[in-house]
Amino acid sequence: MAAPDDLFRTPIHLRANCEALAESTYHFWRRPNVRIVPSGELEDIQGMRIVLDTNLWSSLDDGSLPRLEMLLVELDLQVQVLPSTLLEIVEIPHEDVRKRLVAGLAKGARRKRVRTEADLFAEEVVALISRTRPEWLLQMPNSARVESLRTFWLKKVWRQALEDSTAMHEHQRGKLSMRKHMVQRQKHNRSEMLRTKFNLGDLTQVSGQHEDFGPGKASLRGNLPGWDGSSRDMWRLNLAQLNWHQLGVIGPRAGITGEDRTMTDWIEPWVDLGKLRSNPESFIHMWLEEGRIADVPRNWLNWAVDMVQWTSKVGSGNPVDAQHSSYLIDCDLFLTADSRFVDILERVRVDAPFPFAGTVLVDGDRAKSTAGRIEQALSHMA
């Protein structure tokens with residue numbers, strides 16, 4: 001499965017589409033400060049919602065934080081701060097730098113802490129189960145457990161990082177081996193794409209079958225109960241395997257093995273996992289036949305970014321980039337100094353059946369003020 005390296009190298013970003021983006025930004029800046037939420041009510045908002053990539057946050061230790069604060073007010077911006085960004089920042093080895101950057105990320109006006117991506121992924125899975133397998137839902141959901149988990153990720157983990165990030169730093173360093181494994185998986189998949197000259201095509205329709213998933217590849221037929229190995233959409237196969245592995249395989253044994261049961265933690269307050277695990281074929285059928293991209297857009301976007309990442313040189317930051325992408329449905333602009341990540345997101349946008357944040361490529365020259373680089377990039381839009 002392969003595509004030439006330069007197939008997706010033409011960036012469709014800010015400077016390549018000046019007129020269209022300038023027009024869309026004109027409307028962004030002149031939106032009323034309210035939006036309609038799913039309940040139909042109006043909710044106050046604070047300007048355009050932006051996300052800064054970690055490569056920008058990590059360089060704000062150049063004295064740019066005060067100017068960033070002024071910029072948020074001047075341009076009426078709300079910066080959404082991600083738990084995944086916080087965890088990247090606490091990996092910085094120098095404690096004094098880490099402390100200043102954590103404070104810059106966590107403190108200040110016009111910041112909104114967002115829910116962890118696992119919470120958002122699980123919410124979509126629960127909604128899909130609710131639509132297709134309502135009998136699997138708990139009659140009395142444990143909403144208190146969900147609130148406890150959200151309190152931890154929206155408050156406690158930030159407080160811990162501000163007080164003393166040393167323990168978090170060591171914990172994150174201990175997870176590097178898992179990230180390296182994910183990078184190795186991507187390198188293997190890229191090699192397979194090149195070897196078989198695979199044409200990626202439309203991400204909503206790219207398909208795979210059993211022979212595409214041999215040992216060491218992305219999936220095995222034995223990991224998907226009830227699947228006969230025939231052709232299915234790749235996103236369905238991937239999400240079916242991932243969710244069954246998390247809920248049906250790791251979840252029951254994690255108490256003994258110590259494996260990460262994050263998805264189980266988020267889903268078991270809503271779903272009777274005993275019923276789910278006793279009906280594996282039905283669970284897999286739900287993903288392969290009944291689910292829609294509209295049910296799980298964040299899960300799909302995470303998968304799609306991972307898939308497109310195979311088409312160019314695989315970098316060590318790929319897993320975290322894919323993690324960040326799951327937040328882009330809920331903001332207006334994503335600012336990054338990583339042109340390769342911009343290319344990947346814009347390639348995904350071509351096929352994505354839903355909108356997500358526009359990308360803004362920021363000058364990557366760290367000799368310049370970071371806030372100045374951000375301001376210059378945004379000025380091109382205005």
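In this structure, CG on Leu138 lies 5.5 Å from CG on Asp272, to the nearest 0.5 angstrom. Interatomic distance, Gln309 CD to Ile344 CD1, rounded to the nearest 0.5 Å: 5.0 Å. The distance from the CG atom of Asp53 to the OG1 atom of Thr359 is 11.5 Å, given to the nearest 0.5 Å. Taking CD of Gln376 as the reference point, atom NZ of Lys368 lies at 6.0 Å (rounded to 0.5 Å).
Looking at Asn238, its side chain never comes within 3.5 Å of a backbone N or O of Met234 through a donor-acceptor pair. With hydrogens and angles ignored, the 3.5 Å screen pairs a side-chain donor or acceptor of Ser278 with a backbone N or O of Gly274. Checked by atom type and distance alone, the side chain of Arg111 never pairs as donor or acceptor with a backbone atom of Gln78 at under 3.5 Å. A side-chain donor-acceptor contact under 3.5 Å links Arg98 to the backbone of Ile92.
Counting heavy atoms from C-beta on, the side chains of Leu203 and Val308 come closer than 4.5 Å. Taking the side chain as every heavy atom from C-beta outward, Leu239 and Val296 approach each other to under 4.5 Å. With a 4.5 Å cut-off on side-chain heavy atoms, Thr116 and Phe152 do not count as touching. In this structure, the side chains of Glu95 and Thr166 come closer than 4.5 Å at one or more pairs of heavy atoms. The shortest distance between side-chain heavy atoms of Leu52 and Gln80 does not fall below 4.5 Å. Taking the side chain as every heavy atom from C-beta outward, Leu333 and Met48 approach each other to under 4.5 Å. At a threshold of 4.5 Å between non-hydrogen side-chain atoms, the residues Arg115 and Glu123 count as touching. Between Val360 and Ile374, the closest side-chain pair of non-hydrogen atoms is not below 4.5 Å.
In this structure, a donor-acceptor pair under 3.5 Å is absent between the side chains of Thr336 and Asp338. Side-chain atoms of Ser326 and Arg298 include no donor-acceptor pair closer than 3.5 Å. Using a 3.5 Å distance cut-off with no hydrogens or angles, the side chains of Asn302 and Ser325 do not pair a donor with an acceptor. For the residue pair His324 / Thr54, a side-chain donor-acceptor distance below 3.5 Å is found, with atom types taken as modelled. No hydrogens or angles considered: a donor-acceptor pair under 3.5 Å links the side chains of Glu290 and His285.
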Practice item. Take Thr204 and Trp235, measure what side chain to side chain contact (heavy atoms under 4.5 Å, CB included) needs, and give me the verdict at the end. Key: CA-CA 8 Å; Thr204 65; Trp235 71 267; 5.7 Å; no
Point to revise | Full working for salt bridge (charged side-chain N to carboxylate O under 4.0 Å, His left out) between Arg232 and Glu289 | key: CA-CA 9 Å; Arg232 292 292 189 280; Glu289 304 293 341; 2.9 Å; yes
Practice item. Mind running salt bridge (charged side-chain N to carboxylate O under 4.0 Å, His left out) on Asp306 and Arg185 for me, showing each step along the way? Key: CA-CA 11 Å; Asp306 178 269; Arg185 173 187 60 81; 2.9 Å; yes
Check your understanding: Please walk me through it: do Asp330 and Arg49 pass salt bridge (charged side-chain N to carboxylate O under 4.0 Å, His left out)?
Key -> CA-CA 8 Å; Asp330 302 306; Arg49 303 161 299 169; 5.7 Å; no
**Study point:** Residue pair Asp295, Arg292: steps toward the salt bridge (charged side-chain N to carboxylate O under 4.0 Å, His left out) verdict
**Key:** CA-CA 5 Å; Asp295 292 318; Arg292 307 168 302 203; 3.1 Å; yes
Practice item. Assess whether side chain to side chain contact (heavy atoms under 4.5 Å, CB included) is satisfied between Arg261 and Glu268, documenting all intermediate values. Key: CA-CA 11 Å; Arg261 69 190 302 272; Glu268 67 181 355; 3.3 Å; yes
Practice item. Starting from the C-alpha separation in whole Å, work towards a yes-or-no answer on side chain to side chain contact (heavy atoms under 4.5 Å, CB included) for Leu273 and Thr264. Key: CA-CA 9 Å; Leu273 293 182; Thr264 298; 3.7 Å; yes
Exercise for review: Kindly indicate, with the supporting measurements, whether the criterion side chain to side chain contact (heavy atoms under 4.5 Å, CB included) is fulfilled by Asn243 and Phe283.
Suggested key: CA-CA 9 Å; Asn243 282 279; Phe283 183 73; 3.8 Å; yes
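Note: the hydrophobic cluster containing Val73 does not contain Ile50 (ILVMFWY, side chain heavy atoms under 4.5 Å, direct or indirect links). Put simply, Val362 and Leu75 are part of the same group of oily side chains (I, L, V, M, F, W, Y) that touch within less than 4.5 Å, one to the next. With hydrophobic clusters built from ILVMFWY side chains whose heavy atoms lie under 4.5 angstrom apart, Leu242 does not share a cluster with Leu247. At a threshold of 4.5 Å between side-chain heavy atoms, the hydrophobic network of Ile, Leu, Val, Met, Phe, Trp and Tyr places Leu224 and Val249 in one connected group. Hydrophobic clustering, with ILVMFWY side chains joined whenever heavy atoms are under 4.5 angstrom apart, groups Val125 together with Ile293.
The side chain to side chain contact (heavy atoms under 4.5 Å, CB included) check on Pro355 picks up nothing, with sequence neighbours excluded. Residues satisfying the salt bridge (Lys or Arg N to Asp or Glu O under 4.0 Å) criterion with Glu117, sequence neighbours excluded, are absent altogether.
Of all non-hydrogen atoms in Leu56 and Leu335, the two that sit nearest each other are CD1-O, 3.4 Å. Contact record, Met263 with Phe121: CE-CB, 4.2 Å, taken as the closest heavy-atom pair. Residues Pro319 and Met182 approach most closely at CB-CE, 3.8 Å, considering heavy atoms. For the pair Leu86 and Leu105, the tightest heavy-atom approach, listed with the atom from each and the gap, is CA-CD2, 3.6 Å. Closest heavy-atom contact between Ala122 and Ile267: CB-CG1, 3.6 Å. The heavy-atom pair separating Val114 from Pro83 by the smallest distance is O-CD, 3.4 Å.
A salt bridge does not link Lys99 with Asp164: none of the charged nitrogens is closer than 4.0 Å to a carboxylate oxygen. A salt bridge does not link Arg173 to Glu170: none of the charged side-chain nitrogens sits closer than 4.0 Å to a carboxylate oxygen.
Annotation: Phe354 is in aromatic contact with Trp300 [ring centroid separation under 6.0 Å]. Aromatic pair Phe334/Phe356: centroids not less than 6.0 angstrom apart.
Screening residues 135-160 for side-chain hydrogen bond (donor to acceptor under 3.5 Å, both in side chains), with sequence neighbours left out, gives Asp119-Arg150. Note on residues 242-255: pairs passing salt bridge (charged side-chain N to carboxylate O under 4.0 Å, His left out), not counting sequence neighbours, are Arg253-Glu259. For residues 56-67, the side-chain hydrogen bond (donor to acceptor under 3.5 Å, both in side chains) pairs, not counting sequence neighbours, are Ser58-Arg366, Ser59-Thr370, Ser59-Arg373, Asp61-Arg100, Asp62-Ser64, Asp62-Thr370, Ser64-Ser369, Arg67-Glu74, Arg67-Glu375. The salt bridge (charged side-chain N to carboxylate O under 4.0 Å, His left out) pairs that include a residue from residues 316-326 number zero, where partners must be two or more places apart or lie in different chains.
Remark: Glu281 CD is packed, more than 12 non-hydrogen atoms of other residues, nucleotides or ligands lying under 6.0 Å away.
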